[in-house]
Amino acid sequence: MERTFVALKPDGVQRGLCGEVMKRFEQKGFRLVAAKFLQPSEDHMKQHYLDLKDMPFYAGLCKYMSSGPVFAMVWEGQGIVKMGRMMLGETNPADSKPGSIRGDFCINIGRNIIHGSDTVENAKTEIGLWFKAEEFVSYTPCAQTWVYE
Ligand code: IDP
Ligand code: MG
């Protein structure tokens with residue numbers, strides 16, 4: 001089973017969208033395996049977005065991400081990395097279709113409310129950066145056999 005890292009950014013939390021995002025992942029049939037609510041440090045965000053360190057918006061991005069609470073989650077399911085990205089929409093909300101999270105709930109690229117891993121490999125790295133092994137809960141959802149054949 002594939003896992004992905006999803007996080008409501010400070011704007012997503014402030015705008016009361018945690019429940020809406022969780023609802024969409026739950027209703028799809030994905031399984032929540034870890035979650036925490038925290039205010040990440042700027043250093044933590046610099047590490048998380050290390051691949052963007054040469055971009056002009058990097059410093060502002062890390063500041064924004066550490067400016068308030070973040071709701072960090074790990075979700076599991078078949079093909080979840082690619083599907084999760086489709087559920088999020090494009091990086092720029094202006095290019096995101098209605099029906100996607102960014103398409104439905106935000107306008108500016110610098111306030112796009114949510115993060116989701118873009119590849120299986122990056123998901124593994126991000127999950128390792130945000131969560132310890134003991135923070136995962138192992139269980140079988142009662143709907144498991146109704147979601148997967
Ligand atoms: P992603 O979040 O869709 O994976 P990335 O290209 O990895 O997009 O960029 C990470 C985050 O950096 C974006 O979600 C957004 O918050 C921010 N960002 C990306 N491009 C810009 C920009 O041109 N201006 C301001 N912020 C940006
Ligand atoms: Mg990215």
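Just so you know, these numbers use all the heavy atoms, side chains as well, and skip hydrogens, waters and symmetry mates. Whatever order the structure lists ligands and atoms in, that order sets their numbers, starting from 1.
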When you compare ligand 1 with [X], is there at least one nitrogen or oxygen pair between them that comes in under 3.5 angstrom?
| X | value |
| --- | --- |
| E90 | no |
| R85 | yes |
| Y49 | no |
| T91 | yes |

Within the 4.0 Å heavy-atom shell around K9, which atoms of ligand 1 are there?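 Those qualifying, in numeric order: 13 (C), 14 (O), 15 (C), 16 (O).
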
Please identify which atoms of ligand 1 are closer than 4.0 Å to at least one heavy atom of L52.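 Within the 4.0 Å cut-off of L52, ligand 1 contributes 7 (O), 9 (O), 10 (C).
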
Going by heavy atoms in the side chains, are M55 and Y49 under 4.5 Å from each other?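 Not touching, per the 4.5 Å side-chain cut-off.
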
Could you check atom 18 (N) of ligand 1 against the protein and tell me its nearest heavy-atom contact, residue, atom and distance included? F57 CE1, 3.4 Å

Take S117 and E126 through the test side-chain hydrogen bond (donor to acceptor under 3.5 Å, both in side chains) and record every step on the way to the result. CA-CA 7 Å; S117 309; E126 291 171 1; 2.6 Å; yes

Where does [X] meet ligand 1, judged by heavy-atom distances below 4.0 Å: at the side chain, the backbone, both, or neither?
| X | value |
| --- | --- |
| N112 | side chain |
| R102 | side chain |
| L61 | side chain |

Ring-face cation contact, F131 with K36, 6.0 Å cut, 45° max: yes

Tell me, please, whether F105 has R15 positioned over its six-membered ring: NZ or CZ under 6.0 Å from the ring centre and within 45 degrees of its axis?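 Because its charged atom misses either the 6.0 Å distance or the 45° angle limit, R15 does not stack over F105.
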
Give a yes or no on whether Q78 atom CD has more than 12 heavy-atom contacts from other residues, nucleotides or ligands under 6.0 Å away. no

